[in-house]
Structures are given as C-alpha cells and as structure tokens.
Amino acid sequence: MSIKVENIHKQFGNFVALNNVSLDFPGGELVALLGPSGCGKTTLLRIIAGLERADSGRVLLDGEDASDTHIRERQVGFVFQHYALFRHMSVFDNVAFGLRVKPRKERPSEDVIKRKVKELLELVQLDWLADRFPSQLSGGQRQRIALARALAVEPKVLLLDEPFGALDAKVRKELRRWLRRLHDELHITSIFVTHDQEEAMEVSDRVVLMNHGNVEQIGSPNEVYQSPATPFVYGFLGAVNLFHGRVDGSHVQLGEHAHPHDTTQDGLSHGAEVIAFARPHELQIVTDVSETRGIGATVSRVLSFGASTRVELEGDVHEGVPRHVEVELSREQSASLALATGQRVRVLPAQLRVFPHPHKTDNNKATATRSTAS
Amino acid sequence: MSSASYAIPAPPDSAAPAARGRSKPFRVLPGFGLTLGYTLVYLSLIVLIPLGGVFLKASGLGWESYWNVISAPRMVASYKLSFGASLLAAGINTVFGFLLAWALVRYDFFGKRVVDALVDLPFALPTAVAGIALATVYSPKGWIGSALEPLGIKVAYTPLGVLVALVFIGLPFVVRTVQPILEDLETELEEAAASLGAQRWTTFRLVIFPLLLPAILTGFALSFARAVGEYGSVIFVAGNIPMVSEITPLMIITKLEQFDYRGATAIATVMLIASFILLFAINGLQAWSARRIGRAV
C-alpha cells in the first residue's frame, strides 16, 4: 500500500513539529525517516499511524484520505521503541492479541489462531519462546515478538518508531540486517524512524532526512551521502570538517589561501560568504616544509586502529578555519608520512563542497555543533 | 501472507538467557543483624506481645464461657454487621475509588487539585468529627436525611448509616493505591492495543485492568481493614440499636464498661482471627495477581 502525506502541519504550543510536510511513500519500499531528536520524524510517523492528529494536511493511504480514520481501521502495524508488550500475557497471547480482539464475525477460530501465531513465531525465529512472559526475554527478542504481534493482523503498512533504539550496539546491528531480510521477504510498505544515520543508510531503500520539522532531502542512501542537498544533510551524514570563507570565482578563500571548490551551484556570486565542507578522507596532509598552500596545522593525535588512520589536528588560528581538523588516511599513506604528535603540517582539501552561508540561523548552529561532534 | 515458508536466519541473540545461579549471599549494606534484630524486638513489643496478651486474658475464661460470650445472638448480629458492612464498603470504595483515580489521572479538569486534596480528607479528619458530620447530614432532620425520608430511606441510626460511615473513611485507600500505578502505565500499551484493532473497552478489559488488579486488591484490603477497625465515626451515625446497628468494636467497649474484661478480650480474639484470615486471603489473591503481571513464574 502506498502512503502519501500532504501539507502536514503540526504544532505543540509554539513549537513547530512539522512544517507543511509533503511526502510520497511508494508501496513495498522500506523508507527511513532520519533526523536529530526533535526534528519531527516521530510525530510524522504517529500522524501516519493515526496516533496523533495533524493540525492541517491529509494522510492518504492507497490514494484514499485516511485523515479521519481511527488507527483501528487504518490497518497499520506499529512497533514501539520500548516494545509495549503486554507483560501479563505470554508471548503466544501477545502475538494472538490482534486476532482475538477482532469482531466476532471476523475472528478466526482458536485453531486457526494457534496455527497463525506459530507461523509468526517461526518467522521471527522465536517459536520456542511461546510460553514465556516478556520479562523473561532479552531486548532483541522482545522487539521481534513486538514485530510478530504487529504482523499478526496482516497490516498493509508497517511503522517502526526507533525500533532498535533501546538495544545495545551489537544486537542493533544484527536486528538491522534481520529487518532488511524480513522486508525483502514480505515486501510490506514500511517506514522506520531513526536518529542513527548508519542504521538508516544500511537498512532502507530510501532515506528522508528531516530537520526542524522540514524535509531536507529524499533519496537513496547513496544519493544523500554522495550529493547532500543542504549543509545540514552534509553535516548529519558522517564526519565533516567545516570551513567558513568567501567565494572567489572557482575558488574559495579559506584562511590565507584560496582553494578550488567543486560546486556548480548557482547563486554563489563573487565574494559571497560561504561555508565549505570536506569529509576527513577528502583532506590531504603534506609534510613538506616548502609547501605554502593549504592550511597550517599541528598534529595532535594519530589514531591508527582499523583499516584506516585518523589524524586529529589543531588548525592555526585564522578566520574561517576550525580549531579541530580531522583527516582520514589509508594505512599506506599514514605509513609513508610517519606523522608524529606535535609535527607541523599543511592540510590540503582535495575536494570542497560549498554552500551559501545560512546567516547565523539556528540551522547553522546545529550544523556547526554536529560537525565538530562527529 | 503465508509466513510458514520464510526461513530467515535467527540473530545470534536468540540463545536462551543464561540460567541465573544462586550465589552465597554477600551484603554490601552493613547493619543487617542490627536492623533485623531491632525490627523483631520492635514488632514483638508493639504488636505481638499485646496481641498475645489478648489471647492470654481470653483464655482465662474457659472454653465453655468463651463460646457463650462470643456466640451470643447480640454478638453474632454485630459480627455480621461489622464484617458484612466492611466488605460491602470496601467493595463500594473499590469501584468508586477506581473511578476517582481514573478521572484524576486521565483527565484535566477545573478544580482537579482540590478534588485530589479532598480525597485525603477522610484520612486527616478525626473520626469523631466525621461521625458527627455524617450524623448531622443523614439524620431525619439533616440535609440529605430529610430528602431521603420521604422516599422511605433511613440512613442514620440504621445499618445503612454504618455502611455510609465505612465508605466515607475507606475512600482514600483505593484511590491512593491505584493512582500511582495508573500514572505509571505506559500509554504505549493502549496505543499498541488500538493499532492491533482493539476497541476501547476491550483494551481496558484485557490490558489495563489486569495490570491494575494487584493495586486494586491492595486498596480493597486496606479499605476493608480500616473499616473493620473503625469505631469513632460509626457509633455516632449508627444509633447502636442492639441486634440492628451495633458494630463489634462497640460490643468490646460495652463489655469494658461493665468491667467484663475477659468478655471484651474474647470478642477481641474473634475480630483478630477473622481479620487475619480475611487479610491473609486478600494478600494471597493480590500476590497471585501480581505474579501474573511482570514477575512471571
């Protein structure tokens, strides 16, 4: 079933949770709503589910206006972050709940219910837990039971609200892959909310990036990562180094020197104030003392575990240059450079992505914080 | 959806939770011996010794006269009234106390804080004040009593008056035991039930009520225990007519006023044993229902 939301607006007092959001979710896709907390993603999910009402706008399920349809009739399966299992019922009774509360005419016989629940428990690989109570299960098991319970009523849409948010890192990763495979089997239109960009990129067919109640970008995980539409998206997906500068033709003036940028975006007039991003692997380190281009910096830490080496540097004090610069090098590069703490180097951006300066808005602040944090 | 054919590898966390081994008790908090010892001494001094004294005193009576005292028709009538009215009052308080708690937790309305504070009034009020107030209002000349009189309903100086007094003093117990549990109940449970297609009433019956049952039973037990022991507020409104509206605590007082200490303690033992059995039963029921939610067997 396809889902469409049109001009959804939702406000809590003065706080705008959703600002005229319109989105299309084609049938059969697994879409991630991604954004920092408070960006409105959960509110949007709850409005689609019918757990919350929009102030204005419409929710269309399969082309039909469902804005006034009660959640009972929307045929959506909802999975909560904290499972919301009925703790006084066994796993079996939890999964059977949706079938047992059907109106008498539609209610399957107890035999059919038994068979169906067994099938669902096999689907989530937990049929051996049927007689247990939720308190006896691990977090990952609980969430899978919650999913089986939601699937029992054969929903047309599956909505998951931070489904792995309460689990530890290892279980999260496993359940992520498992959810993807489950979706590949069932092909049920699914939307899941997450603030974890890695999770969104790994699991979904498409990512909807949200910030401050607005949709920033929609696209496949690869698209949004490779060509971020806004500074926010750039900063939110992966680690970045943020520079401030001025446009000078095809170059951008950063600190003492001008660097070529690779943005063809219109509206960047000569002398315009911009912010420029470079991911850690898009920066090069030059140890040659005769080099004058680039940004002067001092090596403060070299972290060489894993497949690549991360170098943390302290940038020289110049307007527009961040205090902390992060560079990612391959093992070979780092071996040939043989960097030492305290060493003076120059950092050259191989690639710079430039956006118009967002003029000291909240947006800017959020982006800046995010980029230094990551 | 025919899900039987799907074979999706189980995530590794599907292994059975490790069996909890029982290790030797190791206490981080000091003072176990001291606090337990103090608890036992204190309980003995305050509770067990006086209660033991009651049995000792009553035993001086001899079986036959003991039986005669406690099985006198006037006594039996008082037991029926005391325990019957207390159970009934606790039942009424359970129903309406639950409604009150529900309204206080679930809705916002004008004067909510005042209502919330009023619930505690029966706790705070000296029982004699409550008794006089009830007697005034429900007497045939009082506001409510005079309105009920033409309908043929007499409240004051009848067993009905006893019931009204016991309902009055037992009200806070159910409200105050159910309220916090209801506040802690995640709304997600109801949302989950609704998303699975359950109607409001079904959700209440199958999801909310079972989770509240232990608290409701606790409230019932407390309300009942308080009602059995109540004296002050009842005697004003009951009229204390032999065989009709005499409660058992009043019978003890009556015996004491006649300097019949043995007789008084004999009645006291009956109350003690009956209360103990009833509370034991209610607590058993409560523990059973608590085990059903959460700590599963």
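Quick note on labels: first sequence line is chain A, next is B, and so on, each numbered from 1.
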When rounded to the nearest 0.5 angstrom, what distance separates OG1 in B/Thr202 from CZ in A/Arg100? 13.5 Å

Would you say CZ of B/Phe109 has more than 12 non-hydrogen atoms from neighbouring residues, nucleotides or ligands within 6.0 angstrom? yes

With a 4.5 angstrom heavy-atom cut-off, could you sort out which part of B/Ser195 is near chain A: side chain, backbone, both or neither? both

Once rounded to the nearest 0.5 Å, what's the spacing between atom CD of B/Glu188 and atom CZ of A/Phe78? 8.0 Å

With a sphere of 6.0 Å drawn around CG of A/Asp131, does it hold more than 12 non-hydrogen atoms of other residues, nucleotides or ligands? no

So with a 6.0 Å cut-off around CZ of B/Phe276, is the heavy-atom count from everything else above 12? no

Please classify the contact of A/Ala49 with chain B as side chain, backbone, both or neither, using a heavy-atom distance under 4.5 Å. neither

In terms of heavy-atom proximity below 4.5 Å to chain B, should A/Leu99 be classed as side chain, backbone, both, or neither? neither

Close side-chain approach of A/Arg72 and B/Leu196, heavy atoms under 4.5 Å: no

Would you give the length of the straight line joining atom CZ of A/Phe97 to atom OG1 of B/Thr203, rounded to the nearest 0.5 angstrom? 5.5 Å

Taking A/Ala84, A/Gly98, A/Pro103 one by one, which has the highest count of heavy-atom pairs under 4.5 Å against chain B? A/Ala84

Does any heavy atom of chain B fall under 4.5 Å from the side chain of A/Arg46, the backbone, both, or neither of them? side chain

Give, for atom NE2 of A/His88 and atom CG of B/Leu206, the distance between the pair rounded to the nearest 0.5 Å. 7.0 Å

Heavy-atom neighbours of B/Tyr42 OH exceed 12 at 6.0 Å: no

Distance-only, no hydrogens or angles: does the A/His70 side chain make a donor-acceptor pair with backbone N or O of B/Ala194 under 3.5 Å? no

Minimum heavy-atom distance B/Leu189-A/Phe86, with the two atoms named: O-CE2, 3.5 Å

Tell me, for A/Val76 versus chain B, whether the close heavy atoms (under 4.5 Å) come from the side chain, the backbone, both or neither. backbone

Using non-hydrogen atoms only, which part of B/Glu191 is less than 4.5 Å away from chain A: side chain, backbone, both, or neither? both

B/Lys112 atom NZ, over 12 foreign heavy atoms within 6.0 Å: yes

Within the supplied structure, the quantity of interest is the number of heavy atoms (other residues, nucleotides, ligands) at a distance under 6.0 Å from A/Glu64 CD; does it exceed 12? no

Of the backbone (N, CA, C, O) and the side chain (C-beta and beyond), which part of B/Gln199 lies under 4.5 Å from a heavy atom of chain A, both, or neither? both

